[in-house]
Amino acid sequence: GSEAASEQGQEEEVEDRLKEHMDNLLDKSAKTRQAALQSLRLAFSSKTLSEFLLERRLTLTDSLEKCLKKGKGEEQALAGTVLTLLCLQMGSGPEAEEVFRSLKPLLVSVLTDSTASPSARQSCATALGMCCYIAAADLE
């Protein structure tokens with residue numbers, strides 16, 4: 001009994017930290033947003049969080065969109081990586097397709113922007129390819 005309660009407490013603690021990182025994506029400070037993106041990247045690549053993410057995908061999508069639009073270099077690169085991991089976490093369902101469809105134009109925009117940093121362009125290219133492979137229902 002106490003083991004299950006301890007596990008439940010740990011899971012709630014992880015979710016609270018993730019919510020805090022997601023909130024920090026909207027911070028005015030670029031350093032805070034980058035730190036939040038790095039924390040989310042680490043969390044998404046080390047633990048299965050699909051249910052948690054499905055419930056918060058719209059909020060996260062909006063935040064990633066802002067990071068891709070307003071951010072520069074490192075922030076855009078991290079946002080592309082987090083988006084790729086988000087698609088991997090959600091799998092090939094309609095929710096992931098919705099996330100991909102909403103951010104695809106922005107990914108293409110950063111990718112084709114010759115003034116964007118090479119790391120941001122590379123990250124957006126990877127996100128575009130991976131998310132398309134995982135989440136795009138339309139074969140074209």
Considering all heavy atoms, the nearest Gln76-Cys67 contact
CG-O, 3.9 Å
Answer yes or no: is there a donor N or O on one side and an acceptor on the other, between the side chain of Arg41 and the main chain of Val82, under 3.5 Å?
no
Shortest non-hydrogen pair, Gln89 vs Leu49, comes out as OE1-N, 2.7 Å
Using a cut-off of 6.0 Å, state whether more than 12 heavy atoms not belonging to Glu15 lie near its atom CD.
yes
With clusters defined by side-chain heavy atoms of hydrophobic residues (ILVMFWY) lying less than 4.5 Å apart, directly or transitively, does Tyr133 cluster with Leu103?
yes
Determine the minimum heavy-atom distance between Gly73 and Ser117, stating which atoms define it.
CA-OG, 3.3 Å
Give, for atom SG of Cys131 and atom CG of Leu107, the distance between the pair rounded to the nearest 0.5 Å.
7.0 Å
Would you give the length of the straight line joining atom CZ of Arg17 to atom CE of Met22, rounded to the nearest 0.5 angstrom?
15.0 Å
Answer yes or no: is there a side-chain heavy-atom contact under 4.5 Å between Leu40 and Leu25?
yes
Salt bridge (charged side-chain N to carboxylate O under 4.0 Å, His left out) pairs touching residues 58-72, sequence neighbours excluded, are Glu65-Lys69
Side chains of Thr48 and Ser50: donor-acceptor distance under 3.5 Å anywhere?
no
Could you measure the distance from the OG1 atom of Thr81 to the CE atom of Met130? Nearest 0.5 Å is fine.
11.0 Å
Is Leu58 reachable from Leu68 through a run of hydrophobic residues whose side-chain heavy atoms are each under 4.5 Å from the next?
no
Is the backbone N or O of Ala120 less than 3.5 Å from a side-chain atom of Ser123, with the two atoms forming a donor-acceptor pair by type?
no
Can you check side chain to side chain donor-acceptor pair (under 3.5 Å) on Glu98 and Ser102, steps first, answer last?
CA-CA 6 Å; Glu98 179 186 341; Ser102 69; over 6 Å; no
Rounded to the nearest 0.5 Å, how far does CG of Leu26 lie from OG of Ser63?
4.0 Å
State, to 0.1 Å, how close Leu42 and Ser45 come at their nearest heavy-atom pair, and which atoms those are.
O-OG, 3.2 Å
Closest heavy-atom pair, Phe44 versus Leu18, reported as atoms and distance to 0.1 Å, is CE1-CD2, 4.4 Å
Closest non-hydrogen atom pair, Val110 against Ala116:
O-CB, 3.8 Å
Counting distance only, does the side-chain N/O of Thr32 pair as donor-acceptor with the main-chain N or O of Lys28 below 3.5 Å?
no
Across all chains, not counting sequence neighbours, the side-chain contact (heavy atoms from CB on, under 4.5 Å) partners of Ala30 are Arg33, Glu75
Please name the residue in the list Leu86, Ile134, Leu128, Leu83 that meets the side-chain contact (heavy atoms from CB on, under 4.5 Å) test with Phe100.
Leu128
Is it the case that the side chain of Arg57 and the backbone of Leu54 share a donor-acceptor pair, with hydrogens and angles ignored and the cut-off at 3.5 Å?
yes
Leu106 vs Leu64, side chain to side chain contact (heavy atoms under 4.5 Å, CB included): CA-CA, chis, key distance, verdict:
CA-CA 10 Å; Leu106 195 51; Leu64 289 174; over 6 Å; no
So CD of Gln122 and CG of Leu111: to nearest 0.5 Å the spacing works out to 10.0 Å
Can you find a heavy atom in the side chain of Met90 that is under 4.5 Å from one in the side chain of Val99?
yes
